[in-house]
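These notes concern the structure reproduced below.
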Amino acid sequence: MEKALHSTKKYIPYFIIGPLFKVIEVIFELLTPFLMKYIVDEGFNAGTLDNDYTKIIYPGLIMIAFAVFGFCSTLVCQKLASIASQGTGTELRNKIYRKIINFSNSDIEHFGKGNLVNLLTNDVNRIQSVVAMIIRLVIRAPILVIGSVVCAFLIDIYAGIIFVSIVPLVMFIYFLILKISGKQYKKVQKQNDKIVEKTNDDISGIKAIKSFNNEEKEINEYEQLTSSYYFESKKAILTNELINPLTIFIVNVAIMAVIYLATYTFKSPFVVDLRKGDVVALISYLNSILLALIALCNLILVFVKGFSSNARINEFLNYKEVIDNKGKCIKDLVELKENLVKFNDVSLSFNNENNVLNHIDFEINKGETIGLIGGTGSGKTLLINVLERFYDFNEGEIFYKGINIKDYDISSLRNDIGLVSQKPHFLKGTIKSNMLIGKSDATDEEIIEALKMSKAYEFVSKYDDLLNHEVLENGKNFSGGQKQRLAIARGILRAKELLILDDSTSALDYLTDKEVRKNIKKNKMTTLIISQRCSSIKDADRIYIIEHGEIVGVGTHKQLLKNNEVYKEIYASQTRSK
């Protein structure tokens, strides 16, 4: 079973060495009050009565040495904690990102984009904090508390009893408060997920929001989410804020009890004789306990949040992907006219609801140009998503080169296919770096040839820096048509066996669209053209019509115009004179 904290394995020595340096620091800290006690009880008297200040100077120098050595020990521990925590965070982020990037669409929808972003950021940061605190503080606070209690007993048994009595009382308060706040922080995390998801959605759709003057509605919805987050966070924080004042109150009561002991003069078995130095040392130890308990409180809060994040990450790491990628098959190229793709009675449904693809029979032979047409929401893109295994079908079989696609390694399957979507995505870089995404070892000559086939070279050739021309984030320095032509060029480079154009010429004029298709056909590329325009597929070797997730017609353009009412209606609506 994969766990988030498995990422700490290589840093196990740091978890041993770091706390050892903290123990050294604590020892120096526990010895210091005894030196203060000696100075107050012996040094001041010797200096005042005998002008002998050595009993002040020497202990003072030792205290300075303790402080220096303690400081150096702390620095070493802090460095080890920093290396271990940052290293763990880096490895964990890489592990999570690697899993996300291999997710299918179904898996991403299962978790939600906001949740995945939070896993990579907030949750990993909390695990880092837990790792750092384990090395820095997890041993310091208990040893300092226990050491202070032991030292109190060495000074006076009754003072030690006072010290012992306050620790379980404070720990009980901590347990009670943290049990309540732990549940509250889970609600806070859920609200945070909703905020992140809403932010991502609104930023992605900012253009649509503005074009419909919908800003106020979105702002109101966002403010409702942040108000809920504020309300849940306030409850959790206010609950936790009770810890420090209660701790300070209890420790101050203990200080008053110590002072009372020092001034207690009744003759009884409980008579004590505390000197001034003893009182100073005991108060110092009480303050050390106070600071240690406050640190322990903060440590527990970090752990409460960290355990919540740890559970979320563990659930994610052990999540079994919907699509099983155990296939190993990688087949060589097939011959011209051989069967390349075959859908055999394929159906797809989500959450056991009605089929969105229903008994699909569909095939593509090597060298063919196949058209797929249908209205919005008819299932055109879903059919391609199933072929590329972004979703897995529920019934039927899909064969690629005569082998069931579930027997293929997914990456090898996708390596054969060049998919060009209607809204292509580009990375910040250059034209060349974005082309190399399609084929990492492509030469400049191959890239230019692909650009010429897609008619993108017409505008690329005008740039002084040609292939090294800058591409801004998501290609925002290009028009919609330019981006589609660049994306088609990238798909051509990618396609070893099959080029899929998923409504990817919608931003092109009819003439450019025709010339691009002509260039692709001239190179005898096996092509699947998905479109809502009859003009884009009328020259295809075979056209499939899809409606409501079903194939309702197959044939050439001429055959369908004669025999298929759905196609005739689509064609008439697009060619009717206006």
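When every heavy atom of C77 is checked against every heavy atom of I135, the shortest pair comes out as SG-O, 3.5 Å. Taking each heavy atom of L137 and P142 in turn, the nearest pair found is O-CD, 4.2 Å. Considering all non-hydrogen atoms of both residues, I56 and I39 come closest at O-CD1, 4.1 Å. Nearest heavy atom pair, residue Y229 against residue I195, reads CB-CD1, 3.6 Å. The shortest heavy-atom contact between T121 and V117 is OG1-O, 2.7 Å. Residues Y222 and K198 come closest through the heavy atom pair CD1-CG, 3.8 Å.
Here the side chain of N415 pairs a donor or acceptor atom with the backbone of S411 at under 3.5 angstrom. The backbone N or O of D409 sits less than 3.5 Å from a side-chain atom of S412, completing a donor-acceptor pair. Under a 3.5 Å cut-off, the side chain of N477 and the backbone N or O of E470 do form a donor-acceptor pair. In this structure a side-chain-to-backbone donor-acceptor pair under 3.5 Å is missing from K22 to A141. Here the side chain of S129 pairs a donor or acceptor atom with the backbone of N125 at under 3.5 angstrom. A distance-only check finds no donor-acceptor pair linking the side chain of R490 to the backbone of L436 [under 3.5 Å].
A distance of 9.5 Å separates NZ of K483 from NE2 of H425, quoted to the nearest 0.5 Å. Distance check, rounded to the nearest 0.5 Å: NZ of K496 to CD1 of I417 gives 11.5 Å. The CG atom of L225 sits 7.0 Å away from the CD atom of Q191 when rounded to the nearest 0.5 Å. Taken from CD1 in I101 to CD1 in I108, the straight-line distance is 7.5 Å, to the nearest 0.5 Å. Once rounded to the nearest 0.5 Å, the distance linking CD1 of I410 with CD1 of I405 reads 8.5 Å. The line from CG of D465 to OG1 of T430 is 9.0 Å long, rounded to the nearest 0.5 Å.
R494 has its side chain out of reach of D416: every pair of non-hydrogen atoms, C-beta onward, lies at least 4.5 Å apart. In this structure, the side chains of L493 and M435 come closer than 4.5 Å at one or more pairs of heavy atoms. When side chains are defined from C-beta on, E29 counts as touching R140, because their heavy atoms get closer than 4.5 Å. Contact of the K432 side chain with the D444 side chain is registered, since non-hydrogen atoms from C-beta on lie closer than 4.5 Å. Residues N310 and V130 have side chains not in contact (no heavy-atom distance under 4.5 Å, counting atoms from C-beta outward). Within the 4.5 Å cutoff, side-chain heavy atoms of I96 are placed close to those of V124. In this structure, L5 and N314 have side chains that are not in contact, with every pair of non-hydrogen atoms separated by 4.5 Å or more. You'll find the side chain of P424 stays beyond 4.5 Å of the side chain of L486, heavy atoms only.
For residues 54-78, the pairs satisfying side chain to side chain donor-acceptor pair (under 3.5 Å) are E25-T74, D52-T54, Q78-R136, with sequence neighbours left out.
Taking the side chain to side chain contact (heavy atoms under 4.5 Å, CB included) definition, one finds that S421 meets it with nothing, sequence neighbours left out. In this structure Y11 satisfies the ring-ring contact (aromatic ring centres under 6.0 Å, His included) test together with Y14, sequence neighbours excluded.
With ring centers used as reference points, F426 lies 6.0 Å or more from F478. In this structure, F21 has its ring center at least 6.0 angstrom away from the ring center of F69. Centroid-to-centroid, the aromatic rings of F103 and F390 stay 6.0 Å apart or farther.
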TODO: Could you walk me through whether L427 and V471 pass side-chain contact (heavy atoms from CB on, under 4.5 Å), step by step?
DONE: CA-CA 7 Å; L427 301 178; V471 176; over 6 Å; no
- [ ] Could you go through the side-chain contact (heavy atoms from CB on, under 4.5 Å) check for K428 and L472 one step at a time?
- [x] CA-CA 5 Å; K428 185 175 173 61; L472 299 179; 4.2 Å; yes
Task: side-chain contact (heavy atoms from CB on, under 4.5 Å) between T88 and Q128, worked out - done: CA-CA 7 Å; T88 297; Q128 284 184 195; 5.6 Å; no
Open item on the list: Set out, in order, the CA-CA distance, both residues' side-chain angles and the distance that settles side-chain contact (heavy atoms from CB on, under 4.5 Å) for R389 and D392, then state yes or no.
Closed with: CA-CA 6 Å; R389 295 198 73 192; D392 250 352; 2.9 Å; yes
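Annotation for E315: atom CD does not count as buried by contact number, only 12 or fewer foreign heavy atoms lying within 6.0 Å. Within 6.0 Å of atom CZ in F71, 12 or fewer heavy atoms from other residues, nucleotides or ligands are found, so the atom counts as exposed in its surroundings.
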